[in-house]
Structure formats: structure tokens, C-alpha cells
Amino acid sequence: MQITLYLKGPLKKYGDNNDSLTIELEQDQVAINEIIEQLEIPASSISFIQINGEKSDSGTILMGGEIIVVNPRVAGG
Amino acid sequence: MTYTGTVLRIDLTTGKATKEPLNKDWAREYLGGKGLSIKYLYEELEPGIDPLSTDNKLILMTGPTTGTIVPNSGKLAIAAKSPATGTILDCSIGGHFANELKYAGYDAVIIEGKAKSPVYLFIDDDLVEMRSAADLWGKGAHETEHLIADALGDVITLAIGQAGENLLPMACISSELYRQAGRGGIGAVMGSKNLKAISVWGSGGIEVANIRKVSAALNKIKREDTMTDDNMWAYSDGTPMIVDLSQSTGILPTRNFQEGTFDEYEKINSAAVKSTLKAKKACFACPLACSNYVKKGKTEVEGPEYETLALCGSNCAIGDLEAIIEFNRLCDDYCLDTISAGNVVAFAMELTEKDVHDFGIRFGEIDNFLKMPGLMANREGVGADLAEGVRAMAEKYGGGDYAMQVKGLEIPGYEPRGSWSMGLAYGTADRGACHMRAWPAAVEAFGDIDPYTSEGKAELVIGMQDDNAVKFSAIFCDFWALSTERMAEILNMLLDYEVTAAELTRIGERIYNLARLFNEREGFTKKDDYLPERIFKEKLTTGATEGKVLPREDYDKMLAEYYRLRGWDENGMISDQKKKELNL
């Protein structure tokens, strides 16, 4: 399966400074938090994750073809 | 000890400037910035004064971190009674004015009275001059700053544009062209005093015990707690990053808060702003450099910030970034608060489209949109009505249910129907609808907390309000997500007494209650803590917030819980016990 991952703002560094990553996986399905762990992104650095445009739980199972956006924490407003 | 211990008091009526000692007891209880300026105003202003009369005072206040290398300490508080709301008003402005004021030898400046004719002030250490502003009056803030720089050389200036001169309740104060003390009509207070600008230059410094040790400790903090994942969004993107977050969670105000998503959001989001980026800019002592200096087509500006993109972009259905940048530039020059300006234009668009009153402008009309800042600032044509803000427009023409304001201050860029705690934060903010007193959207709509429940929201908002009150008093920029423990660690390097995190939280609570007490004295009650009816009744129709309202009964519940946890009575009045507890 294949997924596309966008790492926003300072989180880009966890993807070798690429705005987006296309990841090929051997599994048929995988939880998004496994991908996050694999990239060594601290959970405390993430505000929320979007899958195909919707705010999603970090335990959401991916089936392939998803577009994932990982947003950093923000402060102040 | 990093206070200078000196307050400069300037009476514009007599032209006399005097130095007086800083009230150190108050400084210990309120620190500086927001808290200490509110304390001075509470003690010195008579209740019920007209904010635009000679009775109002304008206070510029630094804090114990100002002028040091403490990260994100380059902010100045500017406070007065608000012409927009009649509440207490403190604004926060970045740049380099605060540190120069401290280097000139002052913790604060208190400006009283009214000059007979337009003047500007020049503070150069002990030299304090009141100079004629006859040639500056009628000019925008940008030209004013340039002309003063031509006359005085290296100075940092706070200036007003035509909006301040014409006493608009949305007039702001500008510095270094693109930084603003934005809300509540603080610029109109300057205008009412015939005060066009204040320029400062200081040749002194700040004394810190054991500078090597303090420098090393602060540099370590900067590396380990400031330039981290939590804060570097400010550098990588700045506030435009929030456009995507708000769009995806359905809280991006669109068409005067009729919707929570904008079809054209990708034309105004961070990626779009980055495509126009020319340089990053920072305030004094700031490693985060949140400001984006952008140029697109024939226009350029430092900005636009999220609030401008949301209120002047999606909220007016303007998906043209060049138009938003130009609107932003015009507002900065005339000195209009873009949050209020975006709201009034959007309200005029909706009133026109609903045939309530024809302001000659509809959603998405770029040409008319760009005419509005000039018409408002100069009170010309339809701008004369828009200049008064959405509450006054609704009183004159109707549409009060969707005049998006609280206490007379227009609502910032986070839709409360998709972030119920933001609704409570707006309702209980001390200067009217404000996102800088508490910004719980960050942990609710953008975090793990359920946005659609009243449970736990009062406690969340109170905690943020108290922490921010002390943060804006110390002073730190709100873009550094630092803990009160970290604040205490830093202040203990600078003060000649020890302070704990718990004591700082208590100071924050004291400040927030004093602000409430000021408003209570002005006649504000529970009825003023409510949101526009649209939020309670009209369902949003798009995106993640489709079908959502903030039910009034849930708001009532949050507000009652808020009062209870604050130690206020059921009408929102501060109890005698709480006053005694906080030494108010």
C-alpha cells in the first residue's frame, strides 16, 4: 500500500525537510501512529492529524491511498 | 533588579513632564505590562469617564524582562479605558519601543490631559520634548514615522494614522510601520489627546546580577525550550499556518460567520503567503521571527497575519491574496485594527445582501473592499457608518443577531460553534471579544479536547486567562508556549526577590480579577458576557462543523461554572471573599 504524508511547519525536519513524503508499505493496513513512531515524531509535537482532509484519531487504520497531514502544535493565536 | 524604578508622567495640557518612583508594592503584586498598567488605571481613573475625554490616561508599560536578552520579551503594554467598549483596555505591541524606553530610563510613561494642538513626544533619556505635529496631522502612520525619522534620526516611534485622529473605536497604534497595538480603539485615545506620535531613544542599559551566568542560562533555555517543535511554527510559517487548521476543523469564519469553511482557503493559506515571502522579521530579543514580509503584485506588507487572512479574507469572501495584502497595508497606514475592520466590512456585506441596508458592497467584491479602509478612516460616505463598529451599525440599521461582537469589540478568527471554549473565552475576556486572553482552540478544536461539550471548559479557560495575564505582565510574547515554572525560573534571575510558579499563577488571577473589577465599576454585568444570537441559534452548514451551534443552555452552564470557579456570584460580580483573598 502507499500513503502520502505532509509534515507541516517545523515537523518537516522529521521527513528530511521534505514537504511531503510518499511511503510504500508492505502491510495491507497500518495504524497512523505506527507511521508517526517510525518517523520519530514526538506525539507532544503534534496538534492533530488529518486523513483525507478530516481531523482523525492517531489510532486510525490506513488502508492505502490516504493523504495524511501532520500539524504541529501552535501557541498564542 | 531589572526595573528602572522610574515612571515618566507627561501632562499634555500643561506640557510638563515629571519623574516619579515606580510603585514597587504594586510592581510586586502586578509585575508590569498588562497587570501594572491596569493597576495604575484602576487607581487613577474616575469611574464613568468618557474614554475620549481629557480624563482618560494612556499608559505605556514595560516589564521586568524588558530590555534583557530573555527570549520573546520585546513587547510593550499600552493601556487606557477603551473607546470601543468602555472596559479596561490593554494592548500588546512588539518591535523595539519597549526596550528603548527602558534604556531611556523608564519602566512606564503615563500620559494625561490633552495638547492644545497636535504634538508628538520625543523621549531621549532625560530629555522629554513636546514637539509640534502640525505637519504630521492628517498623514498616515507610515509617512509619519518616516518624517519623524528624518527629523530625529535613530528613534523608535509609536504613531497613529487618520483613524486615530478621527477617533474611530477601531483605531490602533502603529510602530515600525507594521506592528500594532490593535484593539479597542487605543489609537483613538492618542488622537483624543492631540498626540500624533511618541518617539524614544535610550542610551542606558539594564543591570543584571552575574551577567555571565544569566546569559548562559538564558541561551540554554532558548535552545531547549524556545527554538523547539512547540514554537518553531512561528518561524517556519507564522500565523498564516492557522488558516489550514481552522479550515479543516470548520472554524474559519466565512461570510460574516455564516460558515466555518472557505472554498478558496488555499489561495490565502500559509503556502500562498509563503509564495510571496521576501523576508522574515523579528521583535527585540526574539529568536522565533514570526513576521513574514511579503510582496505580491504592486503591494507589500509585513503580514498578513492569520487574523487578517480570516477576517478580511474568508469572512469577506475575498480569496485574492494580493487584495488582502493591500487591504492590510492600507489598514496599517490608516491605523485600523484588521480584526474589527474585517468584521465591519463583512457585516456591511451581509446587511447589503439581505436588503437590510445598502452599503454598496457585497461578499467577494474586491474593488469596493479596497475602498473601505480609506472611507472608514476618514469617515467618508458609507465609511462613516462602518467606522463606528458592528454594534453601532446594528443599533442604527438592525441585524444585531449577526453583529459579531462582545461588549462592542468585534470577534476574532475562531468560530465558537466549533470551539465552545472559545465562545466562553470571548464572553469573559476583559476587553470584549478577544483571543489573546485565552486561546483554548489550540487544545480543543486543534487538539484532543472535545469541542462540543461544556464539561471542563470553564476550568480550561480560567487557567489560560490567568497564565496569559501573568505572561503579558512579565512580559513575554504569547507565541512562546512557556510554563509558569519557566517564567519563575527566568524572573528569579532578574528580580531581587524569589517568586514561585504558584505565586505567578496567583498574580495572574489577581490581574484578571482587577480587570473584572474595573469593568464591574463601569457597570458591566453578566448580560455583557454573552455572544451574538447567531452563535446560539444558526447552524453552520459546511465542513467539520456542519449542523453545529453552541446551544445557549450549554453556554449558560459554562458561564455559571466559570463564575463559580472564579469565586464570583451568579451575576458575575466578584465576591468580597475573593477580593480579600487577592488583596484587591
Side-chain angles (χ1 to χ4, degrees), chain A residues 2-23 30-77, chain B residues 72 92 227-242 244-250 261 269-271 274 288 290 305-307 310 412-414 418 422 425 434-448 451 464 468 471 476-482 543-544:
Chain A
Q2 181 180 297
I3 57 166
T4 307
L5 199 67
Y6 288 87
L7 301 173
K8 294 291 188 172
L11 303 183
K12 206 163 83 165
K13 70 182 181 191
Y14 296 103
D16 292 330
N17 285 320
N18 293 305
D19 284 322
S20 68
L21 304 170
T22 303
I23 301 176
V30 64
I32 180 63
N33 53 13
E34 287 178 49
I35 307 279
I36 299 298
E37 275 171 33
Q38 216 174 318
L39 292 170
E40 297 181 351
I41 306 174
S44 61
S45 297
I46 298 170
S47 61
F48 69 95
I49 296 167
Q50 290 159 252
I51 300 175
N52 295 337
E54 289 189 9
K55 186 178 174 185
S56 301
D57 190 83
S58 59
T60 304
I61 304 294
L62 306 174
M63 309 299 283
E66 290 91 347
I67 294 173
I68 298 151
V69 179
V70 186
N71 294 300
R73 279 169 58 112
V74 287
Chain B
N72 302 78
S92 174
M227 299 176 75
T228 61
D229 286 355
D230 279 1
N231 307 301
M232 287 305 283
W233 65 275
Y235 180 77
S236 67
D237 294 72
T239 59
M241 165 163 273
I242 302 169
D244 282 350
L245 305 187
S246 290
Q247 169 75 15
S248 62
T249 53
T261 59
N269 67 3
S270 183
K274 274 183 173 176
L288 296 178
C290 70
E305 301 292 347
Y306 169 74
E307 296 297 337
Y414 310 95
M422 271 320 300
C434 175
H435 62 294
M436 295 175 75
R437 301 298 173 259
W439 193 50
V443 294
E444 187 202 52
F446 306 156
D448 296 331
M464 287 186 166
N468 274 358
K471 196 174 183 182
F476 295 97
C477 173
D478 56 343
F479 289 163
W480 182 15
L482 83 168

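These values consider heavy atoms only, across backbone and side chains, with no hydrogens, waters or symmetry-generated copies.
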Query raised in the report: Hey, is OH on B:Y235 packed in by over 12 heavy atoms from elsewhere, all under 6.0 Å?
Result: no
Query - Stepwise side chain to side chain contact (heavy atoms under 4.5 Å, CB included) test for B:L245 and A:F48 - result: CA-CA 9 Å; B:L245 305 187; A:F48 69 95; 3.8 Å; yes
Requested in this report: Please report the closest heavy-atom contact between A:R73 and B:W233, naming both atoms and the distance.
Outcome: O-CD1, 3.3 Å
Report summary line: Closest non-hydrogen atoms of B:M232 and A:P10, given as atom of the first, atom of the second and distance, are CB-CB, 3.8 Å
Query raised in the report: Who wins among A:S45, A:G53, A:S58 for the most heavy-atom pairs under 4.5 Å with chain B?
Result: A:S45
Query - Which portion of A:E54 sits near chain B, non-hydrogen atoms under 4.5 angstrom - result: neither
Query raised in the report: Which bit of A:S44 is near chain B, if near means a heavy-atom gap under 4.5 Å: side chain, backbone, both or neither?
Result: backbone
Query raised in the report: From B:Q247 CD over to A:Q50 CD, what is the distance, rounded to the nearest 0.5 angstrom?
Result: 9.5 Å
Query raised in the report: Do the non-hydrogen side-chain atoms of B:M241 and A:P72 ever get within less than 4.5 Å of each other?
Result: yes
Report summary line: If one checks every heavy atom of B:S248 against chain A at 4.5 Å, the contacting part turns out to be both
Query raised in the report: If you draw a 6.0 Å radius around CG in A:N52, do more than 12 non-hydrogen atoms from other residues or ligands fall strictly inside?
Result: yes
Query raised in the report: Taking only residues two or more places apart in sequence or in another chain, which ones pass side-chain contact (heavy atoms from CB on, under 4.5 Å) with A:V30?
Result: A:M1, A:L25, A:Q27, A:E34, A:I35, A:L62
Report task. Specify which of B:D244, B:D230, B:V443 makes the most heavy-atom pairs with chain A at under 4.5 Å. Result -> B:D230
Report summary line: If one checks every heavy atom of B:A271 against chain A at 4.5 Å, the contacting part turns out to be neither
Query - Per-residue contact mode, B:D237 against chain A (heavy atom under 4.5 angstrom) - result: side chain
Requested in this report: Under 4.5 Å, counting heavy-atom pairs only, tell me which of B:G447, B:A481, B:A544 racks up the most with chain A.
Outcome: B:G447
Report summary line: CD1 of B:I242 to OG of A:S47, rounded to nearest 0.5 Å, is 10.0 Å
Query raised in the report: So, does A:K13 use its side chain to make a donor-acceptor pair with the main chain of B:D229 at under 3.5 Å?
Result: no
